K.L.:
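First the structure, which I've put down as structure tokens, then a few questions once you've had a look.
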Amino acid sequence: MLKVNFKLSAIWQLLFLLLLIKSATLLAFASHGDRTQFFHNCRQNCERTNCSADGLEIQEQAVSFYGQTIFDRLFGWRCTDECSYGCMWRTVYAFMERGWPIPQFYGKWPFIRLFGMQEPASVLFSVLNFIMHFRMLRKFRWHVRPDSPCYMLAHIFALVCLNGWIWSAIFHTRDFPVTELLDYAFAYSIVVCSFYCMLMRMLHRYSLFLRGVITLACVSYYINYFAYLSSGKFNYSFNMKVNVATGVVTAVGWFIWCQRVRTRRPYFRRLLRFYVLFAMAMSLELLDFPPIFWILDAHSLWHLATVPIVPLYYDFLIEDCQTLRKEKEMVPLVHSQFFA
């Protein structure tokens with residue numbers, strides 16, 4: 001078992017290193033398409049020709065010139081946005097005709113817009129993750145009594161995940177500065193919450209004061225990080241490093257817990273399987289290729305890969321809470337056991 005844990009830790013360390021390399025690469029090559037003179041001239045000419053009016057008249061021009069649907073108007077596609085979208089594809093076709101690599105625009109691959117959504121696959125898979133967390137929360141509440149230890153802890157985790165996937169769907173539907181901020185901030189809230197739940201599970205037998213101090217520290221840290229993201233000094237590379245580092249610490253903590261309780265809690269294997277599969281799914285983020293059919297990219301596939309592994313984590317929570325309740329009803333045989 002110890003060898004397995006070392007191997008899993010090595011997987012996370014390698015993944016962390018590769019993600020750092022990827023982040024540095026993305027900073028260098030992320031947005032070649034929108035910096036080309038071809039794109040710049042195309043957008044300027046389009047805006048001068050089609051977006052010269054003001055207010056409602058501009059929107060009417062966009063509807064008539066670009067054939068906007070009700071979904072495009074609902075999600076706020078303005079005339080200038082339509083010019084950027086149309087010139088993006090003209091630039092892509094120009095690159096393809098010359099045999100050049102497909103460029104990115106403003107740090108993103110070109111995606112076909114469907115029903116007003118910028119990245120339809122990522123939106124769909126974010127919604128699927130939301131549905132899976134919602135279903136598993138209902139399953140948890142069905143199988144676990146409210147007075148069970150760690151009952152509220154599981155609810156905190158589920159609610160934070162549900163909120164995070166809502167904002168993921170919103171951001172991939174329409175990329176505004178505020179939706180980008182909330183997507184990154186609430187995505188990290190899931191990572192921090194996972195770390196917090198790991199600590200609280202290990203220390204659930206300890207004093208309320210200690211748990212309260214740790215809770216206050218985690219909440220204060222997250223609020224401070226949220227303020228950093230909101231300050232306008234947002235650094236994509238640094239944010240990725242922080243997310244991966246927090247996730248690795250959480251995984252290592254759980255691996256230590258699994259090692260200590262492996263003889264008493266055989267259901268620890270569910271948690272190990274979850275983190276191994278999660279690390280494998282996360283490796284999809286290391287791939288960076290133009291979208292398949294202009295819809296499916298590595299990031300959307302990463303969202304898809306997380307859907308089927310979510311039940312493993314909740315099944316662990318269910319069995320763990322049930323076991324803790326049985327122990328609570330018995331003579332406190334394990335009360336003094338650290339990390340139990």
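Values in this document were obtained by computation on a predicted structure and should not be read as measured data. Position 1 is the first residue of the sequence; numbering continues from there.
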K.L.:
I'd like to know whether the aromatic ring centres of Y228 and Y225 sit less than 6.0 Å apart in this structure.
P.N.:
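Yes, they do, as the ring centres are separated by less than 6.0 Å.
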K.L.:
Check disulfide bond (SG atoms under 2.5 Å apart) between C161 and all other residues, then give those that pass, not counting sequence neighbours.
P.N.:
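Once residues adjacent in sequence are excluded, C161 has no partner under the disulfide bond (SG atoms under 2.5 Å apart) criterion.
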K.L.:
Who are the side-chain contact (heavy atoms from CB on, under 4.5 Å) partners of T323, not counting sequence neighbours?
P.N.:
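In terms of side-chain contact (heavy atoms from CB on, under 4.5 Å), with neighbours along the sequence ignored, T323 is linked to R265, Y267, E319, E327.
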K.L.:
Taking C46's backbone N and O only, do any of them form a donor-acceptor pair with N50's side chain (distance below 3.5 Å, no angle check)?
P.N.:
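Looks like yes, one N/O pair under 3.5 Å.
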K.L.:
Please round to the nearest 0.5 Å and tell me the distance separating atom CG of D175 and atom CD of E180.
P.N.:
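Result: 5.5 Å between the selected atoms.
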K.L.:
How long is the straight-line distance from OH of Y275 back to CZ of R270, given to the nearest 0.5 Å?
P.N.:
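One gets 16.0 Å once the value is rounded to the nearest 0.5 Å.
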K.L.:
Within the side chain of N163, is there an N or O that forms a donor-acceptor pair under 3.5 Å with the backbone of L159?
P.N.:
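Looks like no, no N/O pair under 3.5 Å.
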K.L.:
Quick check against the 3.5 Å criterion: does S168 have a side-chain atom that pairs as donor or acceptor with the backbone of G164?
P.N.:
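Pair absent, no side-chain N/O of S168 close to backbone of G164.
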K.L.:
Under the side-chain hydrogen bond (donor to acceptor under 3.5 Å, both in side chains) rule, collect the residues that match up with H155, sequence neighbours excluded.
P.N.:
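side-chain hydrogen bond (donor to acceptor under 3.5 Å, both in side chains) list for H155, sorted by chain: R141.
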K.L.:
Distance check, rounded to the nearest 0.5 Å: I223 atom CD1 versus L216 atom CG?
P.N.:
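The CD1 atom of I223 sits 8.5 Å away from the CG atom of L216.
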K.L.:
Can you tell whether the side chains of D320 and R201 come within less than 4.0 Å, N to carboxylate O?
P.N.:
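Yes, D320 and R201 are salt-bridged.
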K.L.:
Any donor-acceptor pair under 3.5 Å linking the side chain of Y85 with the backbone of R113?
P.N.:
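A pair under 3.5 Å: yes.
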K.L.:
Between Y313 and F274, is the ring-ring contact (aromatic ring centres under 6.0 Å, His included) condition met? List the steps.
P.N.:
CA-CA 6 Å; Y313 192 82; F274 169 80; 5.1 Å; yes
K.L.:
Is L153 linked to V213 within one hydrophobic cluster, defined over Ile, Leu, Val, Met, Phe, Trp and Tyr using a side-chain heavy-atom separation of less than 4.5 Å?
P.N.:
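Unlinked, L153 and V213 end up in two clusters.
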K.L.:
Determine yes or no for a side-chain-to-main-chain donor-acceptor pair under 3.5 angstrom, with Q322 supplying the side chain and H143 the backbone.
P.N.:
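Present.
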K.L.:
Linking I/L/V/M/F/W/Y whenever their side-chain heavy atoms sit closer than 4.5 Å, directly or via other members, would Y106 and V92 fall into one cluster?
P.N.:
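Yes, it is one cluster - the side chains of Y106 and V92 are joined through contacts under 4.5 Å.
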K.L.:
Decide, based on the SG atoms alone, whether C83 and C51 are under 2.5 Å apart.
P.N.:
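Their SG atoms do not fall under 2.5 Å; no disulfide, then.
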K.L.:
Would you indicate whether the side-chain heavy atoms of S207 and L210 approach each other to under 4.5 Å?
P.N.:
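Answer yes - side chains close enough.
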K.L.:
Using the test ring-ring contact (aromatic ring centres under 6.0 Å, His included), find all partners of F39 that sit at least two apart in sequence or belong to another chain.
P.N.:
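ring-ring contact (aromatic ring centres under 6.0 Å, His included) check on F39 returns F105.
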K.L.:
Ring centres under 6.0 Å, that's the criterion: do W167 and F130 meet it?
P.N.:
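They do not qualify: ring centres at least 6.0 Å apart.
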K.L.:
State whether the side chain of T179 and the backbone N or O of R174 hold a donor-acceptor pair below 3.5 Å, judged by distance alone.
P.N.:
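Checking the backbone N and O of R174 against the side chain of T179, a donor-acceptor pair under 3.5 Å is found.
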K.L.:
Looking at R262 and Q259, would you say the former's side chain and the latter's main chain have a donor-acceptor pair under 3.5 Å?
P.N.:
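The answer is yes, because a donor-acceptor pair under 3.5 Å joins these two groups.
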K.L.:
Checking F71 now: which residues fulfil ring-ring contact (aromatic ring centres under 6.0 Å, His included) with it, not counting sequence neighbours?
P.N.:
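Only F115 meet the ring-ring contact (aromatic ring centres under 6.0 Å, His included) criterion with F71.
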K.L.:
Side-chain heavy atoms under 4.5 angstrom apart, residues restricted to Ile, Leu, Val, Met, Phe, Trp, Tyr: same cluster for F38 and M88?
P.N.:
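Looking at the clustering, M88 is in a separate group from F38.
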K.L.:
Mind checking ring-ring contact (aromatic ring centres under 6.0 Å, His included) for F289 and listing every partner two or more places apart, or none if nothing turns up?
P.N.:
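Checked F289 against ring-ring contact (aromatic ring centres under 6.0 Å, His included); zero matches.
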K.L.:
Got a sec, which residues hit disulfide bond (SG atoms under 2.5 Å apart) with C218, two or more places apart in sequence or on another chain?
P.N.:
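Testing C218 for disulfide bond (SG atoms under 2.5 Å apart), a comparison that skips the adjacent residues, returns none.
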K.L.:
When hydrophobic residues are tied together by side-chain contacts of less than 4.5 Å, even through go-betweens, does Y206 share a cluster with M202?
P.N.:
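Same cluster.
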K.L.:
Clusters formed by hydrophobic residues whose side-chain heavy atoms approach within less than 4.5 Å: which one holds W142, and what are its other members?
P.N.:
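Noted: W142 shares its cluster with no other residue.
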K.L.:
With the side chain counted from C-beta on, respond yes when M200 and C150 share a heavy-atom pair under 4.5 Å apart, and no when they do not.
P.N.:
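Contact flag for M200/C150 side chains = no.
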K.L.:
Distance from H204 atom NE2 to C197 atom SG, nearest 0.5 Å?
P.N.:
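Reported value, rounded in 0.5 Å steps: 13.5 Å.
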K.L.:
My understanding is that only residues two or more places apart in sequence, or in another chain, count here; which of them pass side-chain contact (heavy atoms from CB on, under 4.5 Å) with F134?
P.N.:
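Testing F134 for side-chain contact (heavy atoms from CB on, under 4.5 Å), a comparison that skips the adjacent residues, returns R138, L162.
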K.L.:
So that I can tick it off, tell me whether D34 and R43 are bridged by a salt bridge, with the cut-off set at under 4.0 angstrom between side-chain N and carboxylate O.
P.N.:
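The answer is no: the pair does not qualify as a salt bridge.
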K.L.:
May I have the list of side-chain donor-acceptor pairs in residues 292-301 shorter than 3.5 Å, sequence neighbours left out?
P.N.:
residue: D297; atom: OD1; partner: S300; partner atom: N; Å: 3.0
residue: D297; atom: OD1; partner: S300; partner atom: OG; Å: 3.0
residue: H299; atom: ND1; partner: E285; partner atom: OE1; Å: 3.4
residue: H299; atom: ND1; partner: E285; partner atom: OE2; Å: 3.1
residue: H299; atom: NE2; partner: H172; partner atom: NE2; Å: 3.4
residue: H299; atom: NE2; partner: H303; partner atom: NE2; Å: 3.1
residue: S300; atom: OG; partner: D297; partner atom: N; Å: 3.0
residue: S300; atom: OG; partner: D297; partner atom: O; Å: 2.8

K.L.:
Just how far is it from atom SG of C321 to atom CZ of F316, taken to the nearest 0.5 Å?
P.N.:
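Going from the SG atom of C321 to the CZ atom of F316 covers 8.5 Å.
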K.L.:
Could you list the residues that satisfy ring-ring contact (aromatic ring centres under 6.0 Å, His included) with Y196, not counting sequence neighbours?
P.N.:
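For Y196 there are no ring-ring contact (aromatic ring centres under 6.0 Å, His included) partners, ignoring immediate neighbours.
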K.L.:
Is any NZ, NE, NH1 or NH2 atom of the basic residue among D72 and R78 found under 4.0 Å from an Asp or Glu carboxylate oxygen of the other?
P.N.:
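No.
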K.L.:
Name the one of N239, T246, N243 that satisfies side-chain hydrogen bond (donor to acceptor under 3.5 Å, both in side chains) with Y188?
P.N.:
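The residue from N239, T246, N243 that satisfies side-chain hydrogen bond (donor to acceptor under 3.5 Å, both in side chains) with Y188 turns out to be T246.
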K.L.:
Are I112 and W89 close enough that some pair of their side-chain heavy atoms sits under 4.5 Å apart?
P.N.:
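Yes; the side chains approach each other to less than 4.5 Å.
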K.L.:
Could you work out the complete set of other residues in the hydrophobic cluster of W100, with links drawn between I, L, V, M, F, W and Y side chains under 4.5 Å apart?
P.N.:
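Its cluster partners, ordered by chain and number, are F95.
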K.L.:
Which distance, rounded to the nearest 0.5 Å, do you find between the CG of L124 and the CG of N129?
P.N.:
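If we round to the nearest 0.5 Å, L124:CG and N129:CG are 10.0 Å apart.
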K.L.:
Strictly distance-based, threshold 3.5 Å: is any side-chain N or O of R269 a donor or acceptor partner for the main-chain N or O of P266?
P.N.:
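Checking the backbone N and O of P266 against the side chain of R269, a donor-acceptor pair under 3.5 Å is found.
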